[in-house]
Amino acid sequence: MTGGAGFLGANLCRKLLKEQPETEVVCVDNFYTGRRRNVEELLSHPRFRLVEHDIVEPLEMEEQVDEIYNLACPASPPHYQKDPVYTTRINVIGILNVLELARKHDAKILQASTSEVYGEPQVHPQVEGYRGNVSCTGIRSCYDEGKRCAESLVFDYHRMYGIRVKVVRIFNTYGPYMDPKDGRVVSNFIVQALQGKDLTVYGDGSQTRSLCYVDDLLEGFVRMMASEDSVVGPVNLGNPEEYTVKEIAGLVRELVGTNVRISYAPLPQDDPTQRRPDICLAQKMLGWTPKVPARAGLERTIEYFREEL
Ligand code: NAD
Ligand code: UDP
C-alpha cells in the first residue's frame with residue numbers, strides 16, 4: 001500500500017491486518033502529509049513492514065506483491081496546493097512508478113481516485129458516466145487533473161499490458177487518524193469546537209458535501225479489490241447523505257456540546273458548489289452500501305480528536 005501512514009492508509013493497514021490473517025502489509029510512505037505515529041504501533045506486528053519512499057522515484061519491492069492500494073497523494077486542499085507541481089508529479093509520475101511495480105509483479109492495483117474528477121458538477125448526484133466539469137487552470141487543477149491523468153494511465157496500462165486494475169472515486173470521507181492539522185472541513189470543525197474556537201465556514205456555507213465514515217469506505221475498497229477481474233471501475237464510493245457546510249458546522253457544534261460561534265471566511269477559488277455520489281454501481285457490483293450515519297460517525301471521530309488533542 002502506498003500512502004499507508006495517512007488518514008485512509010492508517011485505517012486500511014489496520015483493517016487488512018485484522019481481517020485478513022494471510023495478508024502481509026507493506027506500507028510505502030514518505031510522510032509528506034501522513035504521520036509516523038499513525039503506524040508506529042504496527043511496527044512490531046509480524047505481518048507489517050514500513051518502507052520510507054517517495055513514489056515519484058521508481059519503486060522496488062523485495063517481496064512478491066499481489067495487491068497494491070495506491071493511496072499516496074496529499075488529499076486536503078491546503079496540502080495539495082502547497083506545492084502544486086509536486087502534487088501533479090505524485091499523481092502522474094508516481095502512478096507510473098506504481099503501475100510499473102504492478103506490471104513487474106503481475107499485481108492487482110486499486111487506484112484511489114476522487115469525486116474531484118467531476119470538478120464543479122453539472123450533473124447531480126454524480127454518476128460514473130458523467131465526464132465532469134474541471135478547470136485545468138485553477139488552484140485545484142493540480143489535484144483534479146492529476147487524478148484524471150492517473151485514471152487515464154491506469155486504464156492504458158490495463159489495455160496495453162493486461163494489468164488488473166480497479167478505480168474507486170472517493171467522496172469526502174472522515175474518521176479517526178485524520179491529522180488535526182489536515183485542513184479539511186470535518187477535522188477543522190471538530191478541532192475548533194473542541195478548542196472553543198469559532199468554526200470557520202468558507203463562503204456562505206451553502207455549498208454541499210456528502211460525508212462518508214472511513215469504515216464504510218474501506219469496506220468498499222476491500223470488496224472492490226476482491227471483485228472479479230472484469231470489475232475495473234470507475235466506481236463511486238461515498239455516502240449519499242448530503243449536507244451544506246453550514247449544516248456540518250451545526251452538527252459538529254451540537255455533538256461536541258459547545259456554543260462556539262461560526263465565523264465566515266472567503267470561499268476558496270473553484271470550490272465545488274455541490275457533491276453527492278450516485279452509488280448504484282457500487283451497490284450492484286460490490287453489494288456495498290454505507291451503514292454509518294453522519295451523527296454516529298462524527299461522534300466516533302470527535303472521540304478520537306478528544307484523545308488526540
Ligand atoms: P492523507 O494526506 O492523509 O494521506 C496521504 C498519504 O500519502 C500520506 O501518508 C502521505 O505522507 C503519503 N504520500 C503523499 N505523497 C507521497 C509520495 N510522493 N510518496 C509516498 N507517500 C506519499 O490523505 P487521505 O485522506 O488518506 O487520502 C488517501 C488517498 O485517497 C489520496 O490519494 C486521496 O487523493 C484519496 N482521496 C481521499 C479522499 C478523502 O475524503 N479522504 C477523497 C478522495 C480521494
Ligand atoms: N470548508 C470550510 N471550512 C473549513 C474547511 C473547509 O467551510 O475550515 C469548506 C470548503 O470550502 C468546502 C467544504 O468545506 O466547501 C469541504 O472542504 P474540504 O477541504 O474538506 O474538501 P473538498 O473541498 O476537497 O471537498
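Scope of the values below: all heavy atoms of this structure, side chains included, with no hydrogens, waters or symmetry mates. In each ligand, atom 1 is the first atom listed, and ligand 1 is the first ligand listed.
Ile139 and Val85 sit in two unconnected hydrophobic clusters of ILVMFWY residues. Membership requires side-chain heavy atoms under 4.5 Å apart, directly or through other members.
Across Tyr243 and Ala294, no two heavy atoms sit closer than the pair OH-CB, 3.3 Å. Closest of all the heavy-atom pairs between Asn133 and Gln122 is ND2-NE2, 3.4 Å. Residue His158 comes nearest to Ile163 through the heavy atom pair ND1-O, 2.7 Å, listed as atom of the first residue, atom of the second, then distance. The shortest heavy-atom contact between Met178 and Thr173 is CE-O, 4.2 Å.
At least one heavy atom of Arg140 lies less than 4.0 angstrom from ligand 2. Residue Arg89 places no heavy atom under 4.0 Å from ligand 1. A heavy-atom separation below 4.0 Å is not found between Ser76 and ligand 2. Ligand 1 has Tyr143 within reach: a non-hydrogen atom of the residue lies less than 4.0 Å from it. Contact annotation: Asn30 has at least one heavy atom less than 4.0 Å from an atom of ligand 1. Not a single heavy atom of His79 lies less than 4.0 angstrom from ligand 1. Using a 4.0 Å cutoff on heavy atoms, Ala5 counts as a contact of ligand 1.
Only side-chain heavy atoms of Tyr86 come within less than 4.0 Å of ligand 1; its backbone N, CA, C and O stay farther off. Only side-chain heavy atoms of Lys147 come within less than 4.0 Å of ligand 1; its backbone N, CA, C and O stay farther off. By the criterion of a heavy-atom distance under 4.0 Å, the side chain of Val245, and not its backbone, is placed next to ligand 2.
Of the inter-residue distances, the one linking Asp179 atom CG with Phe305 atom CZ reads 7.5 Å to the nearest 0.5 angstrom. If you take CG on Asp106 and NZ on Lys104, they are separated by 13.5 Å, rounding to the nearest 0.5 Å. Distance check, rounded to the nearest 0.5 Å: CD of Glu24 to CD of Gln64 gives 11.5 Å. Expressed to the nearest 0.5 Å, how far SG of Cys149 lies from CG of Leu96 amounts to 7.5 Å.
No side-chain donor from either of Thr208 and Gln274 sits under 3.5 Å from a side-chain acceptor of the other. Side-chain contact check for Tyr118 and Arg131: no donor-acceptor pair (N or O, by modelled atom type) lies under 3.5 Å. For Gln81 and Tyr143, the side-chain atoms include no donor-acceptor pair closer than 3.5 Å. Residues Thr244 and Gln207 bring no donor and acceptor atom of their side chains to less than 3.5 Å of each other.
Looking only at heavy atoms of the protein, atom 2 (C) of ligand 2 is closest to Tyr202 CD1, 3.4 Å. The shortest contact between atom 3 (N) of ligand 2 and any protein heavy atom is with Thr200 O, 2.6 Å. From the protein, the heavy atom lying nearest to atom 16 (C) of ligand 2 is Arg209 NE, 3.6 Å. For atom 17 (O) of ligand 2, the closest heavy atom belonging to the protein is Val185 CB, 4.1 Å.
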Worked verdict on Arg209 versus Asp271 for salt bridge (Lys or Arg N to Asp or Glu O under 4.0 Å): CA-CA 11 Å; Arg209 294 296 186 271; Asp271 199 291; 2.9 Å; yes
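With ligand atoms numbered from 1 in the order given, ligand 2 contributes 10 (C), 11 (O), 12 (C), 15 (O) to contacts under 4.0 Å with heavy atoms of Asp271. Taking every heavy atom of Asn172 and a limit of under 4.0 angstrom, the matching atoms of ligand 2 come to 21 (O), 22 (P), 25 (O). Close approach of ligand 2 to Val201 (heavy-atom distance below 4.0 Å) involves ligand atoms 7 (O). Atoms of ligand 2 lying under 4.0 Å from at least one heavy atom of Arg184, given by number and element, are 19 (O), 20 (O). Near Pro77, meaning under 4.0 Å from any of its heavy atoms, are these atoms of ligand 2: 19 (O), 24 (O).
For ligand 1, the polar-atom distance check finds no N/O of Ala72 at less than 3.5 Å from any of the ligand's N/O atoms. For Val28, no nitrogen or oxygen atom sits less than 3.5 Å from a nitrogen or oxygen atom of ligand 1, counting backbone and side chain alike. For ligand 1, none of its N or O atoms has an N or O atom of Thr114 under 3.5 Å away. At least one N or O atom of Thr173 sits closer than 3.5 Å to an N or O atom of ligand 1. Note: an N/O pair closer than 3.5 Å links Thr33 and ligand 1 by distance alone. By the 3.5 Å distance cut-off applied to N or O atoms, Ile55 is counted among the residues near ligand 1. For ligand 1, the polar-atom distance check finds no N/O of Ser113 at less than 3.5 Å from any of the ligand's N/O atoms. Considering backbone and side-chain N/O of Asp54, one or more are found under 3.5 Å from N/O of ligand 1. Geometrically, ligand 2 and Asn188 share a nitrogen or oxygen pair separated by less than 3.5 Å. Considering backbone and side-chain N/O atoms, Leu71 comes within less than 3.5 Å of an N/O atom of ligand 1. Here's the thing with Gln207: one of its N/O atoms is less than 3.5 angstrom from an N/O atom of ligand 2.
Residues Glu40 and Arg35 are not paired through a salt bridge, judged by the lack of any N-O separation under 4.0 Å between the basic side chain and the carboxylate.
Between His45 and Leu17 there is a side-chain heavy-atom pair separated by less than 4.5 Å.
The distance between the ring centers of Tyr86 and Tyr32 falls below 6.0 angstrom.
Looking at Glu52, Arg184, Met178, it is Arg184 that brings a heavy atom closest to atom 25 (O) of ligand 1. The closest heavy-atom contact to atom 3 (O) of ligand 1, among the options Tyr69, Tyr80, Phe7, comes from Phe7. Within the set Gly34, Cys73, Gly175, Pro74, the minimum heavy-atom distance to atom 5 (C) of ligand 1 is found for Cys73.
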